[in-house]
**Student:** 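Right, I'll just put the structure down here and ask away after.
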Amino acid sequence: MHICFLTVGDASRRTGGYLYHREVFARLRIAGHTIAEHAICAADPAAQQAAQAFGAHFEPQTYDVIVVDALARIVVAPWLDHWRKQRPLVAMIHELPSAAGSDSPQEWDWEAPLLRAQRIIAVSADGAATLVGRGVDRARIVVASGGFDRLPQVERPALRPDGGLRVLGVAQWIARKGLIGLAQAWAAEARPGDRLELVGEMQADPAYTAAVQQLLAAAPPESVITMARSMIPTWR
């Protein structure tokens, strides 16, 4: 089967969504399918609106099925209903922006064509429930949750003698991930010997990152470790 996948942004980033896609495609290729991946433009709304002419030159009949990442909802919105009549259309929805608090009044219009796809892939039961709440027939939704990498077996270190608390947070540093609340709680409750490790991209929203860092500065010295997600290897 020849599958076309349409997305936006830098698909090489090590975010949960892009890693999910790469793992799915790797397994499909092992099964003998071919995947044509197209990152149409940058992910921001202005770039997507400017690139909507892409659809005038796209030929859906070249493929057996079209899979659209919900991130690309804006650039493909004018074309999805037309493509759906020519080839099976699958929407890959990690999270609807309207459900994540998007303040754009156009968001529902951009999302609506995605929700008319013949099949919709949600990554959680909660995501499926959100789609049903938007009027999608549950029979059209497939839940395919993300997996995890198996870490190599290593000798576990001895428990810390001070009994300090260890907390791991993995998330991009953007408002909807809730890091402000975590930073406030850590600054207020952490004790010497506790450790908070934060893993995730910090560049998406510099102002938000600065606010989180300002709160964490009030925590006990050396109790916070931050690491960009791009520095974390993927084990197999």
Side-chain angles (χ1 to χ4, degrees), residues 1-22 24-25 28 33-123 127-128 130-137 140-142 144 172 174-176 201 203-206 208:
M1 183 163 59
H2 192 22
I3 302 169
C4 178
F5 178 69
L6 301 177
T7 188
V8 292
D10 180 3
S12 68
R13 291 171 61 200
R14 298 179 65 81
T15 65
Y18 290 129
L19 286 171
Y20 178 101
H21 299 157
R22 290 204 290 276
V24 169
F25 299 154
L28 286 172
H33 304 293
T34 59
I35 314 292
E37 300 178 58
H38 298 284
I40 302 170
C41 60
D44 63 278
Q48 291 200 48
Q49 288 178 297
Q52 285 181 334
F54 163 85
H57 309 287
F58 177 68
E59 298 180 348
Q61 64 273 14
T62 307
Y63 307 96
D64 296 310
V65 61
I66 311 299
V67 182
V68 178
D69 183 359
L71 283 177
R73 66 204 178 282
I74 302 171
V75 69
V76 299
W79 309 99
L80 287 184
D81 288 328
H82 175 64
W83 296 343
R84 181 167 49 85
K85 296 175 182 177
Q86 300 181 61
R87 284 294 184 270
L89 180 69
V90 177
M92 179 86 75
I93 300 180
H94 292 271
E95 185 174 39
L96 285 174
S98 61
S102 172
D103 57 2
S104 171
Q106 294 178 280
E107 194 58 70
W108 281 48
D109 292 335
W110 290 330
E111 294 173 356
L114 281 176
L115 304 187
R116 292 192 285 269
Q118 284 96 334
R119 287 289 184 271
I120 299 178
I121 299 174
V123 297
T130 298
L131 294 170
V132 171
R134 286 286 301 274
V136 178
D137 183 353
R140 288 194 287 123
I141 303 172
V142 176
Q172 190 178 26
I174 55 178
R176 63 188 177 87
E201 291 185 347
Q203 301 85 6
D205 187 338
Y208 186 81

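This is a predicted model, so every value here is computed, not measured.
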**Student:** Is there side-chain contact between Q106 and Q49, with heavy atoms separated by less than 4.5 Å?
**Tutor:**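 In contact.
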**Student:** Side chains of V76 and I40, heavy atoms from C-beta outward: is any pair under 4.5 Å?
**Tutor:** yes
**Student:** Any ion pair linking D10 and R13 (charged N to carboxylate O, less than 4.0 Å)?
**Tutor:** no
**Student:** Is it the case that the side chain of R140 and the backbone of A117 share a donor-acceptor pair, with hydrogens and angles ignored and the cut-off at 3.5 Å?
**Tutor:** yes
**Student:** Testing V90, V75, L89, T7 one by one against V68 for a side chain to side chain contact (heavy atoms under 4.5 Å, CB included), which residue passes?
**Tutor:**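 Output: one option passes, namely L89.
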**Student:** Relative to each other, are the rings of H38 and Y63 parallel, tilted or perpendicular (30° and 60° limits)?
**Tutor:** perpendicular
**Student:** Please check this pair: side chain of Q48 against backbone of L71, looking for a donor-acceptor N/O pair closer than 3.5 Å.
**Tutor:**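 Checking the backbone N and O of L71 against the side chain of Q48, a donor-acceptor pair under 3.5 Å is found.
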**Student:** Step by step, would you call Q203 with Q172 a side-chain contact (heavy atoms from CB on, under 4.5 Å)?
**Tutor:** CA-CA 9 Å; Q203 301 85 6; Q172 190 178 26; over 6 Å; no
**Student:** Could you measure the distance from the NZ atom of K85 to the CG atom of L80? Nearest 0.5 Å is fine.
**Tutor:**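 Output value for this atom pair is 12.0 Å.
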**Student:** Would you confirm whether Q52, through its side chain, and I74, through its main-chain N or O, come within 3.5 Å as a donor-acceptor pair?
**Tutor:** yes
**Student:** Any heavy-atom pair between the side chains of V142 and I120 that's under 4.5 Å?
**Tutor:**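 Side chain of I120 against side chain of V142, heavy atoms only: no contact under 4.5 Å found.
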**Student:** Closest heavy-atom contact between T62 and H2?
**Tutor:**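 Reported closest heavy-atom pair: O-CD2, 3.6 Å.
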**Student:** For the residue pair I93 and L115, establish whether any side-chain heavy-atom pair is separated by less than 4.5 Å.
**Tutor:**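 Result yes, sub-4.5 Å side-chain heavy-atom pair found.
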**Student:** Check R87 with D64, please: is the shortest side-chain N to carboxylate O separation under 4.0 Å?
**Tutor:**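 Salt bridge between D64 and R87, a charged N being under 4.0 Å from a carboxylate O: no.
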**Student:** Could you walk me through whether T34 and I3 pass the side-chain contact (heavy atoms from CB on, under 4.5 Å) test, one step at a time?
**Tutor:** CA-CA 6 Å; T34 59; I3 302 169; over 6 Å; no
**Student:** Are any side-chain N or O atoms of R73 and backbone N or O atoms of A112, one a donor and one an acceptor, separated by less than 3.5 Å?
**Tutor:** no
**Student:** Does the ring center of F58 lie less than 6.0 Å from the ring center of W83?
**Tutor:** yes
**Student:** Any non-hydrogen side-chain atom of I121 less than 4.5 Å from a side-chain atom of Y20?
**Tutor:**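 They are in side-chain contact.
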**Student:** Hey, is the main chain of A72 close enough, under 3.5 Å, to the side chain of D69 for a donor-acceptor pair?
**Tutor:** no
**Student:** With a 4.5 Å limit on heavy-atom distance, are the side chains of P88 and R119 in contact?
**Tutor:** no
**Student:** Could you tell me which non-hydrogen atom of D81 sits nearest to which non-hydrogen atom of R84, and how far apart they are?
**Tutor:**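 Nearest pair, atom of D81 first, then R84: OD1-NH2, 2.8 Å.
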**Student:** I want to check something: taking the side chain as every heavy atom from C-beta on, are V67 and L6 in contact at a cut-off of under 4.5 Å?
**Tutor:** no
**Student:** At their closest point, which heavy atom of A122 faces which heavy atom of G127, and how far apart are they?
**Tutor:** CB-C, 4.2 Å
**Student:** Please report the interatomic distance CH2(W79) to CD(Q86), rounded to the nearest 0.5 Å.
**Tutor:** 11.0 Å
**Student:** State, yes or no, whether a side-chain contact exists between H33 and F25 at a heavy-atom distance under 4.5 Å.
**Tutor:** no
